[in-house]
Novice: 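Before anything else, here's the structure in question.
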Amino acid sequence: MGHLCHPHDSSALLQFKNSFSIDTSSLEVETTLYSNSTISWQKGNDCCTWSGVTCEKMTGHVIGLNLGFGGLQGNIHSNSSLFSLGHLNWLDLSGNDFRGSPISSKFGGFVSMTHLDLSDSNFSGPIPSEISHLSNLVSLNLSQPSVTLDASSLNRIVQNLTNLKELELSLVDMSSVVPDSFKNLSSSLTTLSLYSCNLQGKFPESIFHQPNLRLLDLGYNYNLTGNFPKSNWSSPLETLLLSHTRISVDWSHLTRNFKSLRDLFLSNCSFVGSYLAFLGNLTQIMRLDLSSNSFGGQIPWSLLNLESLVYLNLGGNNYVGQFPEVDSNSTSISSLYDFSKQQLVGHIPRHLILLYLDGNQLNGTIPSWLGSLPSLEYLELGGNRLSGNIIQFQSRSLSLLGLRDNKLDGLIPRSIYEQVNLQVLDLSSNNLGGNLEFEKFSKLPSLSELNLSFNHISLSFNHLNNNTWPQLELLDLSSCNISEFPYFLRASQNLDMLYLSHNRIRADIPKWLLDSGKDSLRYLDLSHNSLTGTIGQLRWKKLEYLDLRNNSLQGELPIPSPSTFFFSISNNQLTGEMPPTICSLTRLEILDLSSNKLSGKIHQCIGNFSQSLSVLDLRNNKFHGMIPGTFSEGNVLRNLDLNGNQLEGSLPPTLLTCRELEVLDLGNNKIQDTFPNWLESLPKLQVLILRSNKFYGEIGFPETNFPFQKLRIMDLSYNRFSGLLPTKYFEHLTAMINLQEHELKYMGEGYYQDNVVVTIKGFEIEMVKIQTFFTSIDFSNNTFRGEISNAISKLKSLKGLNFSHNELTGTIPPSFGVMCNLEWLDLSSNKFVGDIPEQLTNLTSLEKFNVSKNRLVGPIPHGKQFDTFENDSYSGNTGLCGLPLSKTCGACQSPPSSLQQEDDLEHGNGFDWKVVLMGYASGVVIGISVGYLVFSNGTPDWLVKVVGRKQRRRTVEITHRRA
C-alpha cells in the first residue's frame with residue numbers, strides 16, 4: 001500500500017519540525033497527556049500516522065495539526081513551511097515556546113480553518129487583523145501575555161467571524177479597546193474568556209442575553225464596569241467569573257436569573273443590595289468563590305446544604321463566630337447545629353473538596369467533623385482566631401492544609417504525618433509546641449511547601465538523609481529553636497525558598513549552601529541568627545531575595561547576582577569599601593547595608609544603577625566624602641538613609657529628581673550647607689532628618705505655595721541654624737495641621753519597614769516602625785532667636801515639639817493650649833519671660849513638659865496633666881512658685897538674676913541618656929506605640945538599652961562652636 005500522506009505536506013511538516021528544537025523536559029509530563037511531540041516524525045514514514053497529524057482520507061492532505069505542549073522551541077517566521085499547508089482546518093500550537101515571535105499575518109491565509117489555538121506559546125506583539133479573514137472559525141484561542149489587540153482588529157474579528165462559538169483572549173492587552181465592541185458577537189457564542197485583559201469602561205449588558213453562552217470570564221479587569229440587565233431574563237450560563245472587576249453584582253438578580261450556574265467566582269466584587277440572604281435558583285452550584293468582599297456577620301452555613309457543592313471559598317472577609325458542631329441530640333449523625341443561634345444549619349458536606357475560610361475573624365476550635373470529610377483535599381483556615389488543638393484527620397486525602405496565624409496550641413497530630421498526598425503544609429505563627437524530630441515529615445513524599453515558623457517548636461534533624469523530599473520548593477523554619485543548618489537539603493535540586501531566620505544557628509554558612517550555586521534558589525533568609533565567618537563570592541545565579549541581617553558576619557561586602565531585588569546585610573561586622581560590582585545590580589529595589597563598618601566613598605553609580613531602587617539604607621557606617629549627585633530623572637527612590645556616617649560637603653541638587661522620596665535621613669554626618677528650601681517641592685516627603693550636621697544660616701521663607709505638604713517629622717536639631725523661627729513654613733505644613741489617620745498603619749513596604757531615630761520626651765528613640773500618624777518638630781540646639789508666633793498653634797496634629805537650647809525670647813504663647821494632640825513640649829534653655837499660660841492645662845495628652853532654665857515668673861498652673869510634672873520641668877526659673885516647687889507663692893519675689901546661665905550644660909530627669917526602645921512580637925518589631933506606654937508609666941529596664949553618649953557631650957560641642 002502506498003503512502004496516504006500527500007508528498008508536499010509530508011515535506012512541509014519535516015521542514016517545520018527541523019526549524020525547532022525540542023524541550024524534552026516539558027514532554028516528560030505533557031506527552032502522557034497529549035502525545036503531540038514531533039520526535040516521532042521520520043522521513044519515509046506515512047505522515048498521516050505521525051503524532052498530532054490528521055489527514056483527509058481521500059486526498060491525503062493534512063487537515064489537522066495538534067502540537068499542543070509539544071515542547072517546540074524557536075521562532076515562527078512568515079516564510080515557515082507551516083503556511084504552505086493550505087488545507088488545514090484545525091491547528092493547535094498552544095503551550096510551546098516561540099520565543100517572542102510575532103503572530104504572522106500568514107495565519108490569516110488558512111481559509112478553511114475552523115479551530116485555531118495559539119495560546120500560551122510566547123508570541124508577542126499585535127494580533128494581525130488578517131485573523132479576521134478566517135470566516136469559518138468556530139474556535140479561536142490567542143490567550144497569552146505580551147500580545148496586544150487594538151480596537152480596529154477586534155471590530156473586524158467581531159464582524160467577520162460570525163460562526164464563532166469559542167473566543168478566548170485572556171491576558172491579551174486590550175487597553176485601547178472599547179468594551180462595547182463585544183455586543184455584536186455571534187449569537188452562536190458559547191465561551192467568552194477575557195481574563196486580565198486591561199479592559200476598562202462599561203461592559204455591554206447584552207452579553208448576558210446571549211442565548212447560547214455557557215462560560216463568561218471577565219475576571220481581573222480591575223477597571224471594567226457594568227451591570228446585569230434590569231428586566232426579567234434568563235441566562236444559560238454555567239460558569240461566570242467576575243472576580244476583581246467593578247461590575248455591579250446584584251445578588252437577588254443573579255440568583256433569580258442564572259438558573260444553570262455551576263461555577264460562580266465573585267472574589268473582590270462590587271455587590272449592591274442584599275447578598276447571601278437566599279440562594280434562589282443556585283441549587284446546582286458546584287464551585288462558589290465569594291472571597292475578599294468584606295462580608296461580615298455569621299458565615300451562612302446553609303451553603304453547606306448545597307448537594308453538589310465541592311468548592312467553597314469565603315476567605316478574606318470579616319466573618320465572625322464559631323463553626324457549627326455535630327448535633328448529638330439529632331437522630332442523624334451528619335446534622336450540624338449552630339449553638340449561637342440554637343438551631344440546625346445543615347448537614348456535613350461529605351462531597352466537599354475545597355474549603356477556604358482564611359482571613360476572617362472566626363474563633364473557637366476546629367470542629368472534628370472537618371477531619372471526617374472523605375474527599376477534602378484543600379483546607380485553608382489561616383488568619384483567624386482559632387484556638388485549641390489541631391484535629392485528627394481520618395482520611396488521607398489532603399493536598400493542602402493551611403492553619404497559619406491562629407492561636408492553635410498543643411502538638412502536631414499524628415494524622416498529619418500520614419497525609420501521603422500532602423503538598424502544602426502551613427502551620428506558621430501559632431502556639432504549637434514540643435520537641436519535634438524532623439524525620440516525621442519524611443513520610444510525606446509529595447511535600448513541596450512546609451512552613452512551621454514562629455511557633456514554640458524545638459526541631460532536630462537526626463536520622464535524615466540527603467534524598468528526603470527531592471521536590472521540596474519552600475521550607476520556612478524561622479523561629480523554630482534550631483541550632484544547626486538542615487544538612488539534608490544539600491542534595492535538593494528544586495529548593496526555591498529557604499527561611500531560617502530568628503533561630504540559634506551559631507556557625508559559618510556551610511559551603512554546600514554558599515558555594516553550590518544552586519540554580520533553583522531564589523529566596524534566602526538567614527537573618528537574626530549568630531552566623532559567623534566571612535561570606536566571599538556568592539554563586540546563586542537566580543537569587544532574588546537575600547536577607548542576612550542581625551548576625552556576626554565579617555569580611556568584605558558580598559555582592560549577590562544581578563537578578564537580586566532585595567539585599568539586606570545590616571547589623572553585621574562587615575568592613576572594607578563598597579565594591580564597584582554593586583553597580584551591576586540593575587534590578588535592585590531594596591539595598592540595606594546599615595550598621596556595619598563599611599568605609600570609603602559611596603559609589604557615584606548609587607543614584608542611577610537601578611531604576612527600580614526604592615530603599616537605600618547605608619546608615620551607621622564609616623562612609624566619607626560627598627553624597628553622590630547622580631540621582632537620575634524617573635527614579636523611584638522612596639527612602640534615602642545615610643545617617644551616622646562621615647559625609648561632607650553640600651546636598652546634591654539632583655535629590656529633586658527623587659519625586660517618590662518619603663524619608664530623607666542625613667543626620668549625624670558632617671554636611672555643611674544652608675537649609676535646603678528646594679526640598680519643599682518634593683510632593684511625598686514625610687520625614688526630614690538633618691540633625692547633628694553643620695547646617696547654618698537662616699531657614700528663610702518658602703519658595704512654593706505648598707511647601708513640605710506631606711512632612712510629618714522634621715528634625716533640624718544640633719546644627720548652626722540661626723535667625724527667626726520659620727513661621728511661614730509652620731503655616732503651610734498641611735500634614736501637621738490636619739492629619740487624618742483613623743487606623744494603625746506604618747510607613748514602608750512589604751519587605752522593608754522605615755525606621756528613624758527621633759528625640760521623644762527627652763530620649764533618643766529608634767522608631768523601628770514609623771506610625772503614619774506620628775508627627776514631631778525638633779529645632780533644638782541651634783541659635784534661633786525671637787519670639788514664637790501663634791502660627792505654631794495651627795499644627796493641631798503635632799505630637800512632639802522641641803525648641804530647647806536656643807535663644808528664643810518673649811512669652812510662651814497661650815495658643816499652645818489648642819494643640820490637643822501634643823504629648824511632649826520642650827522649651828528649656830531659652831530666654832522666655834512672663835508666666836506659664838493657664839491654657840496649657842488643656843493639653844490632656846501632654847506627658848512631658850520642660851521649661852527649665854528660662855526667666856519665667858509667677859505661679860505654676862495646676863490641674864490635669866500639670867499635677868504629674870516634677871521639679872525638673874521648672875528648675876532654673878527663680879521666679880516660679882507653687883507646686884511641685886518648694887517655693888510658695890504670695891511672698892515678695894525677686895526677678896531672676898541677670899547672671900543666670902543661658903546655656904546650662906546639665907540636663908535633668910532622664911534627658912542625659914540616649915536610649916533605643918525595641919521589642920518583638922511573633923518576630924515583628926513593635927512600633928513606637930509601646931514607647932508611649934513606657935515613657936508615661938516609667939521605663940522598664942528590659943525595654944530600654946543605653947547605647948552611648950550623654951547629651952551633655954553634644955551640648956558642650958555646640959557651645960564651643962558658638963564660641
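Sequence positions, counted from 1, serve as the residue numbers for this chain.
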Novice: Please identify each residue that fulfils side chain to side chain donor-acceptor pair (under 3.5 Å) with Thr630, with sequence neighbours left out.
Specialist: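 Once residues adjacent in sequence are excluded, Thr630 has no partner under the side chain to side chain donor-acceptor pair (under 3.5 Å) criterion.
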Novice: Is the shortest distance from a Lys or Arg side-chain nitrogen in Lys684 or Glu662 to a carboxylate oxygen in the other one below 4.0 Å?
Specialist: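 Result for this pair is no, no salt bridge flagged.
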Novice: Taking side chain as C-beta onward, heavy atoms only, is Thr54 less than 4.5 Å from Asn66?
Specialist: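 Answer no - side chains too far apart.
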Novice: Is there a side-chain contact between Thr162 and Leu164 in this structure, where contact means two heavy atoms from C-beta onward sitting under 4.5 Å apart?
Specialist: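 Not touching, per the 4.5 Å side-chain cut-off.
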Novice: Compute whether any side-chain donor of one residue and acceptor of the other, for Asp754 and Asn639, lie under 3.5 angstrom apart.
Specialist: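 Side-chain D/A pair, Asp754 to Asn639: present.
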Novice: For residues His8 and Ser84, report the shortest heavy-atom separation together with the two atoms involved.
Specialist: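 What the structure gives for the nearest pair is CE1-O, 3.2 Å.
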Novice: Determine, for cysteines Cys48 and Cys55, whether their SG atoms are under 2.5 angstrom apart.
Specialist: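 In this structure, Cys48 and Cys55 share a disulfide.
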Novice: Holding to side chain to side chain donor-acceptor pair (under 3.5 Å), I want the full list of residues that pass it with Gln210, two or more places apart in sequence or in another chain.
Specialist: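 Gln210 satisfies side chain to side chain donor-acceptor pair (under 3.5 Å) with no residue once adjacent residues are dropped.
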Novice: Rounded at 0.5 Å granularity, tell me how far CG in Asp217 sits from OG1 in Thr191.
Specialist: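 Here the rounded value is 10.5 Å.
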Novice: Is it true that the side chains of Ser176 and Asp150 contain a donor and an acceptor less than 3.5 Å apart?
Specialist: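 Note: Ser176 and Asp150 side chains miss the donor-acceptor criterion.
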Novice: Begin from the C-alpha positions of Asn317 and Asn293 and carry the test side-chain hydrogen bond (donor to acceptor under 3.5 Å, both in side chains) through to its verdict.
Specialist: CA-CA 6 Å; Asn317 285 293; Asn293 282 302; 4.9 Å; no
Novice: If every non-hydrogen atom of Asn635 is compared with every non-hydrogen atom of Glu660, which pair is closest and at what distance?
Specialist: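 Here Asn635 and Glu660 meet closest at O-CG, 4.2 Å.
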Novice: Are any of the side-chain heavy atoms of Met174 and Asn198 separated by less than 4.5 Å?
Specialist: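 A side-chain contact is absent here, since even the closest heavy-atom pair is not under 4.5 Å.
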Novice: Can you sort out the partners of Ser291 under side-chain contact (heavy atoms from CB on, under 4.5 Å), two or more places apart, ordered by chain and number?
Specialist: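 side-chain contact (heavy atoms from CB on, under 4.5 Å) check on Ser291 returns Ser267, Asp289, Asn313.
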Novice: Please identify each residue that fulfils side chain to side chain donor-acceptor pair (under 3.5 Å) with Asn221, with sequence neighbours left out.
Specialist: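 Here no residue qualifies.
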Novice: Check the pair Ser170, Ser193 against side-chain hydrogen bond (donor to acceptor under 3.5 Å, both in side chains), reporting the backbone distance first and the verdict last.
Specialist: CA-CA 6 Å; Ser170 292; Ser193 181; 2.7 Å; yes
Novice: List the residues meeting salt bridge (charged side-chain N to carboxylate O under 4.0 Å, His left out) with Glu449, not counting sequence neighbours, and say none if there are none.
Specialist: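 By the salt bridge (charged side-chain N to carboxylate O under 4.0 Å, His left out) rule, Glu449 matches no residue at all.
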Novice: Are the side chains of Thr190 and Leu215 in contact, using a 4.5 Å heavy-atom criterion?
Specialist: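 They are not in side-chain contact.
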Novice: How far does CE of Met286 sit from CD1 of Ile353, to the nearest 0.5 angstrom?
Specialist: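 One gets 7.5 Å once the value is rounded to the nearest 0.5 Å.
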Novice: Roughly how far apart are His87 NE2 and Asp9 CG, rounded to 0.5 Å?
Specialist: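 Answer for the NE2-CG pair, His87 versus Asp9, is 7.5 Å.
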Novice: Quick one: do the Ser248 and Ser270 side chains pair a donor with an acceptor below 3.5 Å?
Specialist: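 Ser270 and Ser248 do not have a side-chain donor-acceptor pair below 3.5 Å.
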Novice: Checking Ser188 now: which residues fulfil side-chain contact (heavy atoms from CB on, under 4.5 Å) with it, not counting sequence neighbours?
Specialist: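 Checked Ser188 against side-chain contact (heavy atoms from CB on, under 4.5 Å); matches are Lys165, Ser186.
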Novice: When rounded to the nearest 0.5 angstrom, what is the spacing between CG in Asn268 and OG1 in Thr245?
Specialist: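 Answer rounded to 0.5 Å: 8.5 Å.
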Novice: Suppose the criterion is salt bridge (charged side-chain N to carboxylate O under 4.0 Å, His left out): which pairs have a residue in residues 198-210, not counting sequence neighbours?
Specialist: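 Pairs touching residues 198-210 that pass the test: none.
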Novice: Are Val310 and Leu354 close enough that some pair of their side-chain heavy atoms sits under 4.5 Å apart?
Specialist: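 A side-chain contact under 4.5 Å is absent here.
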Novice: Suppose we screen for side-chain contact (heavy atoms from CB on, under 4.5 Å). Which residues come up paired with Asp426, at least two apart in sequence or across chains?
Specialist: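 Arg404, Ser428, Asn451.
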Novice: Looking at residues at least two apart in the chain, or sitting in another chain, which of them share a side chain to side chain donor-acceptor pair (under 3.5 Å) with Asn96?
Specialist: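 For Asn96, no residue satisfies side chain to side chain donor-acceptor pair (under 3.5 Å) once neighbours in sequence are set aside.
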Novice: Ring centres under 6.0 Å, that's the criterion: do Phe566 and Tyr523 meet it?
Specialist: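 Not under 6.0 Å, so no.
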Novice: Got a sec: does the CZ of Arg156 have more than 12 other heavy atoms crowding it under 6.0 Å?
Specialist: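 Not buried by this count: 12 neighbours or fewer within 6.0 Å.
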Novice: Under the side-chain contact (heavy atoms from CB on, under 4.5 Å) test, which residues partner Asp180, sequence neighbours left out?
Specialist: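 Per chain and number, Asp180 pairs via side-chain contact (heavy atoms from CB on, under 4.5 Å) with Val178, Lys183, Pro204.
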Novice: To check you understand the geometry: which heavy-atom pair defines the closest contact between Asn163 and Ser135, and what is its length?
Specialist: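 It is ND2-O, 3.2 Å.
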Novice: Will you find, in the side chains of Ser632 and Gln611, an N or O donor that is under 3.5 Å from an N or O acceptor?
Specialist: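 Yes, Gln611 and Ser632 have a side-chain donor paired with an acceptor closer than 3.5 Å.
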Novice: Roughly how far, to the nearest 0.5 Å, is the CG atom of Leu264 from the CZ atom of Phe258?
Specialist: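 Going from CZ on Phe258 over to CG on Leu264, the span is 8.5 Å.
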Novice: Between the side chains of Lys542 and Asp496, is the shortest nitrogen-to-carboxylate-oxygen separation below 4.0 Å, so that they form an ion pair?
Specialist: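 No.
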Novice: Hey, does the side chain of Ser81 reach the backbone of Ala12 with a donor-acceptor pair shorter than 3.5 angstrom?
Specialist: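 Checked: pair present.
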Novice: Closest approach of Leu261 and Thr239, non-hydrogen atoms and distance?
Specialist: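 Minimum heavy-atom contact is CD2-N, 4.0 Å.
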Novice: Which pairs, with at least one residue in residues 118-140 and sequence neighbours excluded, count as a salt bridge (charged side-chain N to carboxylate O under 4.0 Å, His left out)?
Specialist: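 Not a single pair qualifies under salt bridge (charged side-chain N to carboxylate O under 4.0 Å, His left out).
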Novice: Centroid-to-centroid, Phe265 to Tyr195, below 6.0 Å?
Specialist: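 No, they do not, as the ring centres are separated by 6.0 Å or more.
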Novice: Would you please indicate yes or no on a ring centroid separation below 6.0 angstrom for Tyr356 and Tyr378?
Specialist: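 Ring centres of Tyr356 and Tyr378 not closer than 6.0 Å.
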Novice: Using atom types as modelled and distance alone, determine if a side-chain donor or acceptor of Trp41 lies under 3.5 Å from a backbone N or O of Leu13.
Specialist: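 Judged by distance alone, no pair lies under 3.5 Å.
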Novice: Return the minimal non-hydrogen interatomic distance between Thr586 and Ser610, and the atom names on each side.
Specialist: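 Thr586 and Ser610 have their closest heavy atoms at O-OG, 3.1 Å.
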Novice: Could you label the plane-to-plane angle of the His61 and His6 rings as parallel, tilted or perpendicular, counting under 30° as parallel and over 60° as perpendicular?
Specialist: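 The arrangement is parallel - the two ring planes meet at less than 30°.
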Novice: Can you tell me which residue pairs pass the side-chain hydrogen bond (donor to acceptor under 3.5 Å, both in side chains) test with a partner in residues 99-114, sequence neighbours excluded?
Specialist: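 Sorted pair list: Asn75-Ser101.
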Novice: Report, as yes or no, whether the 6.0 Å neighbourhood of atom CH2 on Trp90 holds more than 12 heavy atoms from other residues, nucleotides or ligands.
Specialist: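 No, the 6.0 Å shell around CH2 holds no more than 12 heavy atoms from other groups.
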